[in-house]
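Read through the structure below, which is laid out as structure tokens, and then see the notes.
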Protein chains: 2
Amino acid sequence: MVHEQLISAAVEDYAKAIYELEVRDGRARTSALADRISVTPASASQMVKRLAELGLVSYSRYRGARLTEKGRRLALEVIRHHRLLELFLVEEFGMSWDQVHAEAEALEHVLSEQVEERIAARLGEPVVDPHGDPIPTVTLEIEECATRGLESLEPGERGVFTRVSDSEPAMLRFLAERGIAPGDRLEVVDKQPFDGPVFVRFSGAVEVLGGGLARAMRVRLDPER
Amino acid sequence: MVHEQLISAAVEDYAKAIYELEVRDGRARTSALADRISVTPASASQMVKRLAELGLVSYSRYRGARLTEKGRRLALEVIRHHRLLELFLVEEFGMSWDQVHAEAEALEHVLSEQVEERIAARLGEPVVDPHGDPIPTVTLEIEECATRGLESLEPGERGVFTRVSDSEPAMLRFLAERGIAPGDRLEVVDKQPFDGPVFVRFSGAVEVLGGGLARAMRVRLDPER
DNA sequence: TCCATAAGTTAGCTGAAACTAAATAATGTC
DNA sequence: GACATTATTTAGTTTCAGCTAACTTATGGA
């Protein structure tokens with residue numbers, strides 16, 4: 001729970017991004033990483049080398065980075081901070097869904113264990129954040145339940161809207177306006193090819209979601225009861 | 001309220017330190033500044049030059065820095081963040097007096113206007129922090145009431161314990177243990193020369209305060225009623 | 001299988017902000 | 001008023017984390 005080597009905010013950001021890419025894609029390609037951190041691929045490549053020196057990832061050139069156990073713990077700690085902060089800002093300060101991501105992004109790196117603990121206690125040791133993302137426990141356990149991008153569902157398939165990328169305020173506002181939130185059940189009614197819009201029924205009303213939004217929405221497939 | 005040029009945390013720290021030195025000593029000497037920031041005088045000197053380029057201080061070599069109006073506003077904004085955070089952590093999370101300084105030191109640089117506003121509202125737009133330091137208003141007005149170091153009072157003089165440096169946890173714990181807090185009335189009973197201990201009566205009990213502690217305690221002189 | 005394109009890396013540079021060592025100004029004492 | 005002491009600044013280096021440009025490896029179509 002305590003870092004030995006004094007880890008910079010930049011390194012924490014890389015660890016977090018690599019973790020999230022591994023969860024989503026199974027691996028963290030350099031360019032995807034660069035994209036997520038908003039730096040050039042050259043910078044990401046270099047930083048991955050630094051993370052390797054710090055023992056946070058293992059990698060061999062040209063084949064991406066894989067978090068070590070130590071790197072994974074660091075990533076989960078940052079993610080716990082991030083998600084607790086998001087939930088705290090929503091619950092305690094009544095801030096909106098789409099605002100809290102940017103706030104948490106900055107605060108996550110300077111949150112002490114002490115304050116983290118106080119926040120978690122205040123919120124009743126929560127297990128999911130406002131976007132439906134699971135919050136790692138104090139001991140950094142996390143249950144990443146398998147989800148699929150909404151765009152991959154075929155018409156007729158049903159599921160539960162489980163989480164949505166927290167980094168697209170416009171998307172979050174769009175959903176908030178329509179009262180769509182994690183936990184809602186949904187059924188794909190129709191979809192158009194080539195990343196076109198997806199038609200989804202949420203408790204009655206059918207919504208048309210553009211391709212980009214559909215890819216950002218993660219769905220847990222209906223256990224068919 | 002919004003910075004034009006994207007100001008780093010380091011620059012914010014310098015502005016704050018210069019402000020506090022100006023309040024305490026009337027001016028901010030390079031070595032005092034270096035001391036406060038925990039860098040070498042050479043580093044402080046260099047950074048003062050940078051602050052001058054940013055229009056935050058005016059200075060001519062060898063005669064210290066003076067905050068410009070812009071620099072003063074930046075300092076007060078950081079100080080507002082710091083003191084609101086300290087109070088928030090004490091009031092809402094029940095953290096102790098001596099812990100909150102370090103926390104606030106890190107958080108102050110990443111607190112958005114939004115969250116600052118929420119915290120201030122939650123606390124009821126407070127005007128002093130837990131250490132007795134005044135909190136600048138939203139419009140950055142502050143009332144720095146004239147105080148003297150306890151060590152400068154002569155036996156027989158009376159006053160009100162008004163504030164204490166928040167950066168010395170041991171000192172704060174010492175005071176907390178004895179139930180001494182800002183607002184307490186006091187009377188100097190005796191003192192020893194050469195930075196020796198000062199004997200002070202707080203509502204009955206006489207306490208012996210070492211020279212270092214005495215210098216850290218700021219006292220508002222009794223208006224003699 | 002070959003090769004064009006895409007992905008990833010290396011080399012070399014930049015700006016922040018720290019450092020040490022050396023030089024220079026201010027100050028206070030006699 | 002001279003000079004020793006202290007304070008401040010300058011010069012030159014380091015580390016971090018980004019950049020561009022040039023190069024290398026992977027990959028997928030024909």
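Only heavy atoms go into these numbers, but all of them, side chains included; no hydrogens, no water, no symmetry mates. Chain A is the first sequence line, chain B the second, and so forth, proteins listed ahead of strands; every chain is numbered from 1.
- Phosphate proximity of dT8(D) to Lys49(B): absent, as no side-chain N or O sits under 4.0 Å from OP1 or OP2.
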remark   = For nucleotides 21-28 of chain D, 5' to 3', base contacts (B), sugar-phosphate-only contacts (S) and non-contacts (-) with protein non-hydrogen atoms under 4.0 Å give B--BS---
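- Qualifying ring pair (Phe, Tyr, Trp, His ring centres under 6.0 Å) partners for His81(B), counting only residues two or more places apart in sequence or in other chains: none.
- Using bins of under 30°, 30° to 60° and over 60° for the plane-to-plane angle, the ring pair Trp97(B)/His131(B) lands in the tilted bin.
- Between Val128(B) and Arg163(B), every side-chain heavy-atom pair lies at or beyond the 4.5 Å cut-off.
- Between Glu22(A) and Arg72(A), none of the side-chain N atoms (NZ, or NE/NH1/NH2) sits under 4.0 Å from a carboxylate O, so this pair counts as no salt bridge.
- Taking the ring pair (Phe, Tyr, Trp, His ring centres under 6.0 Å) definition, one finds that His109(A) meets it with nothing, sequence neighbours left out.
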Side-chain donor-acceptor distances from residues 57-65 of chain B under 3.5 Å, at least two apart:
none

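- Using a 4.5 Å heavy-atom threshold, the side chains of Glu154(A) and Val188(A) count as separate.
- Of all nucleotides in DNA chain C having an atom under 4.0 Å from a heavy atom of chain A, the first and last in 5' to 3' order are dA7(C) to dG12(C).
- A salt bridge (charged side-chain N to carboxylate O under 4.0 Å, His left out) with Glu105(A) is found for one member of Arg36(A), Lys16(A), Arg83(A) and no other, namely Lys16(A).
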N/O-N/O pairs, protein side and nucleotides 14-18 of chain D side, under 3.5 Å:
unit_1, atom_1, unit_2, atom_2, d
dA17(D), OP1, Ser8(A), OG, 2.4
dA17(D), OP2, Arg50(A), NE, 3.0
dG18(D), OP2, Tyr14(A), OH, 3.2
dG18(D), N7, Gln46(A), NE2, 3.2

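- Ion pair Arg148(A)/Glu157(A) flagged as a salt bridge, since at least one NZ, NE, NH1 or NH2 atom sits closer than 4.0 Å to an Asp/Glu carboxylate oxygen.
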request  = Please test Gln46(B) against Arg50(B) for side-chain hydrogen bond (donor to acceptor under 3.5 Å, both in side chains), starting from the C-alpha separation and ending with a verdict.
outcome  = CA-CA 7 Å; Gln46(B) 207 176 238; Arg50(B) 264 190 61 64; over 6 Å; no
